Novice: 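Please read through the structure below; I'll follow up with questions.
Residue numbering restarts at 1 for every chain, and letters A, B, ... go by the order of the sequence lines. Here the structure is a predicted model, which is why all the values come from computation and not from measurement.
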Number of protein chains: 2
Amino acid sequence: MNAAPKEPKFRRENPEQRREQLIEATLRVIARKGVSAATVREISAEAGVAFSLIRHHFRTKEDLMYAAYAHHMQNMAHLSLSSAGDISRPLPDRLRQCIRDTLSAPVTNGESLQIWAGFIQMVPHDDRMKQIHSDTYLGFRNTLEPLIREALVSQGSPATPAEVEAKAIACNAVLDGLWLEGSMLPDMLPHDRLTALAEETVFRILGLPTSV
Amino acid sequence: MNAAPKEPKFRRENPEQRREQLIEATLRVIARKGVSAATVREISAEAGVAFSLIRHHFRTKEDLMYAAYAHHMQNMAHLSLSSAGDISRPLPDRLRQCIRDTLSAPVTNGESLQIWAGFIQMVPHDDRMKQIHSDTYLGFRNTLEPLIREALVSQGSPATPAEVEAKAIACNAVLDGLWLEGSMLPDMLPHDRLTALAEETVFRILGLPTSV
DNA sequence: ACATTAATTGTACGATTGTGCAATAAAAGT
DNA sequence: ACTTTTATTGCACAATCGTACAATTAATGT
């Protein structure tokens with residue numbers, strides 16, 4: 001009869017790609033419904049696969065959570081600081097770009113905050129989570145500190161390690177705080193006023209000339 | 001025989017006090033083991049009662065969570081801002097005291113952060129949580145803003161509502177950010193340096209003279 | 001002393017969870 | 001065309017969850 005073009009019931013995916021699909025499905029579920037809703041069944045439904053497939057690509061559900069946490073944090077760090085090392089641009093521009101990237105979507109947004117809050121509460125109770133946390137945090141600081149140092153020396157300010165560290169912490173705190181407020185209450189302050197506030201405060205902490 | 005002094009199997013508690021005991025047990029469990037471990041069985045064990053008692057004092061487990069969230073946030077706000085309205089003290093003292101209270105334990109500490117993160121991720125998916133969230137946030141701002149306004153007028157700065165709001169947001173962001181960092185990484189910065197950093201930054205935002 | 005009240009306990013139930021494992025089938029090698 | 005490999009599915013299982021409800025028992029009023 002007719003050469004029945006029977007369509008396959010499923011597609012065999014490259015394991016690496018499938019892992020990433022599952023990780024991203026996990027993050028979408030957490031963002032939309034919270035960690036408690038991120039069950040293997042909900043996640044696999046979001047990814048469009050059978051729920052038992054998860055345990056073929058991840059030894060346990062915890063392993064999937066670890067992978068998702070690391071993936072999310074690395075992504076956020078990259079989105080925030082990708083232009084920090086672009087030495088072709090003058091320092092104030094780079095600084096402004098990092099501030100703008102950090103305080104714009106998708107870094108500053110309700111869903112990212114949801115994901116972050118969901119994972120953060122797992123950190124103290126799980127050694128692997130602890131390690132992922134400190135790794136991503138150190139990576140962030142190691143990218144930001146040279147920028148701070150460069151700003152201090154450009155103004156002839158003392159750039160001792162202690163001084164750099166203190167200023168880095170202060171700048172970090174301002175950005176974290178505005179990230180928190182901008183994510184939780186997006187309508188409180190229009191986006192450009194948020195970034196302007198951040199620029200002014202950070203530049204003032206570093207002793208850089210503010211453009212007004 | 002002997003007038004057996006048989007000790008009672010349990011104590012009948014005042015409903016109000018029992019409710020508070022259950023709420024505080026809930027917060028302790030969340031702080032120690034995270035929201036996912038805050039089951040009715042775990043909470044009641046922490047409180048030293050049978051787990052079925054919870055549903056005698058709270059219609060559902062969700063109701064207990066609402067009560068615990070409101071309790072925690074009101075407690076944090078009170079601990080942070082209790083000295084904001086003490087008009088017998090000069091403004092800079094009051095400001096410094098609020099900063100110190102906010103950035104000291106038990107407000108700035110890992111357990112409070114755990115509790116906060118656990119609840120925050122429930123807010124977007126639950127209308128009651130949303131309301132508790134905005135209520136406590138507004139309460140906090142309404143206490144802080146008069147302080148900001150007073151600081152601005154004391155310096156002869158413009159104190160238009162828009163100006164006050166912007167400065168309040170900036171100060172809030174600095175405190176939130178340092179609260180976040182101080183809670184997550186208590187060993188990063190000694191406590192007095194944390195508060196000194198906050199004072200300097202806040203005072204600088206408000207145009208108040210810093211004491212150096 | 002006795003009855004009344006309601007705070008407290010004990011147990012059972014259905015739903016949902018992560019996991020274990022055998023069956024299936026898509027893709028690649030021969 | 002046939003075999004091999006392994007990504008994928010389907011189903012069963014024990015554990016744990018919030019909830020429901022009847023049985024206790026401490027406390028109070030009379």
Side-chain angles (χ1 to χ4, degrees), chain A residues 3-26 29-30 33-69 118 121-122 125-126 128-129, chain B residues 3-26 29-30 33-69 118 121-122 125-126 128-129:
Chain A
K6 49 157 128 175
E7 54 198 32
K9 293 184 177 177
F10 57 83
R11 246 188 74 201
R12 282 169 83 101
E13 202 83 39
N14 175 337
E16 254 179 64
Q17 291 180 26
R18 186 65 91 190
R19 276 177 63 95
E20 194 172 322
Q21 288 173 11
L22 290 170
I23 287 171
E24 279 163 4
T26 301
V29 171
I30 293 179
K33 305 189 179 181
V35 219
S36 62
T39 65
V40 288
R41 285 165 177 82
E42 185 82 24
I43 293 168
S44 51
E46 171 75 24
V49 297
F51 76 90
S52 49
L53 181 62
I54 287 184
R55 290 191 32 84
H56 184 261
H57 293 281
F58 297 92
R59 199 176 54 81
T60 63
K61 189 203 166 190
E62 273 193 324
D63 279 358
L64 171 57
M65 289 298 171
Y66 298 152
Y69 181 35
Q121 69 161 338
M122 304 179 188
H125 319 105
D126 188 302
R128 185 84 187 87
M129 282 287 191
Chain B
K6 51 157 132 177
E7 54 198 33
K9 292 185 178 179
F10 55 85
R11 245 189 75 201
R12 283 170 84 102
E13 202 83 37
N14 175 337
E16 254 179 66
Q17 291 181 27
R18 185 66 90 189
R19 277 178 62 96
E20 195 172 321
Q21 289 172 10
L22 290 171
I23 288 171
E24 280 165 3
T26 302
V29 171
I30 293 179
K33 305 189 179 183
V35 220
S36 62
T39 66
V40 288
R41 286 167 176 83
E42 186 80 25
I43 293 169
S44 51
E46 171 75 25
V49 298
F51 77 88
S52 49
L53 180 61
I54 287 184
R55 289 190 37 84
H56 184 262
H57 292 281
F58 297 92
R59 201 177 53 81
T60 64
K61 188 202 166 189
E62 273 193 325
D63 279 358
L64 171 56
M65 289 297 172
Y66 299 152
Y69 182 34
Q121 67 160 344
M122 305 179 187
H125 318 106
D126 188 302
R128 185 83 187 87
M129 283 286 191

Novice: Base, backbone or nothing for each nucleotide of nucleotides 7-13 of chain C, written B, S, -, heavy atoms under 4.0 angstrom, 5' to 3'?
Specialist: BBBBBB-
Novice: Between P on D/dT9 and CG on A/Leu22, what's the gap in Å once rounded to a whole number?
Specialist: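 Spelled out: CG on A/Leu22 to P on D/dT9 is 10 Å.
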Novice: List for me each residue that meets side chain to side chain contact (heavy atoms under 4.5 Å, CB included) alongside A/Ala25, sequence neighbours excluded, and say none if there are none.
Specialist: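 Per chain and number, A/Ala25 pairs via side chain to side chain contact (heavy atoms under 4.5 Å, CB included) with A/Arg28, A/Ile43, A/Glu46, A/Ala47.
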Novice: Whole Å only: how far is the CZ atom of B/Arg55 from the P atom of D/dC17?
Specialist: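 That distance rounds to 16 Å.
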Novice: Within this structure, what is the CG-to-P distance between A/Asp63 and C/dG18, rounded to whole angstrom?
Specialist: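 That distance rounds to 14 Å.
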Novice: The criterion is side chain to side chain donor-acceptor pair (under 3.5 Å); which residues satisfy it with A/Glu13, sequence neighbours excluded?
Specialist: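 A/Glu13 satisfies side chain to side chain donor-acceptor pair (under 3.5 Å) with A/Arg11 once adjacent residues are dropped.
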Novice: What residues form a side chain to side chain contact (heavy atoms under 4.5 Å, CB included) with B/Arg128, not counting sequence neighbours?
Specialist: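 With sequence neighbours excluded, B/Arg128 shows a side chain to side chain contact (heavy atoms under 4.5 Å, CB included) to B/Tyr66, B/Asp126, B/Gln131, B/Ile132, given in chain and number order.
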Novice: Rounded to whole angstroms, how far apart are CD on A/Glu42 and C1' on C/dT16?
Specialist: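 Atom CD in A/Glu42 sits about 12 Å away from atom C1' in C/dT16.
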Novice: Please list, chain by chain and in numerical order, all residues satisfying side chain to side chain donor-acceptor pair (under 3.5 Å) with B/Glu42, sequence neighbours excluded.
Specialist: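 By the side chain to side chain donor-acceptor pair (under 3.5 Å) rule, B/Glu42 matches B/Lys33.
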Novice: Strictly by salt bridge (charged side-chain N to carboxylate O under 4.0 Å, His left out), give each pair with a member in residues 51-61 of chain B just once, sequence neighbours left out.
Specialist: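 Listed by first then second residue: B/Arg59-B/Asp63.
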Novice: In whole angstrom, what separates B/Lys61's NZ from D/dT16's C1'?
Specialist: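 Those two atoms, NZ and C1', are 12 Å apart.
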Novice: What residues form a side chain to side chain contact (heavy atoms under 4.5 Å, CB included) with B/Phe51, not counting sequence neighbours?
Specialist: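 Partners of B/Phe51 under the side chain to side chain contact (heavy atoms under 4.5 Å, CB included) test: B/Val40, B/Arg41, B/Ser44.
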Novice: Using whole Å, report how far CG of B/Leu64 lies from C1' of D/dT19.
Specialist: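 Taking atom C1' of D/dT19 as the reference, CG of B/Leu64 is at 14 Å.
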Novice: Listed by chain and number, what are the side chain to side chain donor-acceptor pair (under 3.5 Å) partners of B/Gln21, not counting sequence neighbours?
Specialist: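 Side chain to side chain donor-acceptor pair (under 3.5 Å) list for B/Gln21, sorted by chain: B/Arg18.
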Novice: Roughly how bent is the helix from C/dA1-D/dT30 to C/dT30-D/dA1 end to end, in steps of 10 degrees, with each end axis from five pairs?
Specialist: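 End-to-end axis angle for the helix from C/dA1-D/dT30 to C/dT30-D/dA1: 10°, rounded to 10°.
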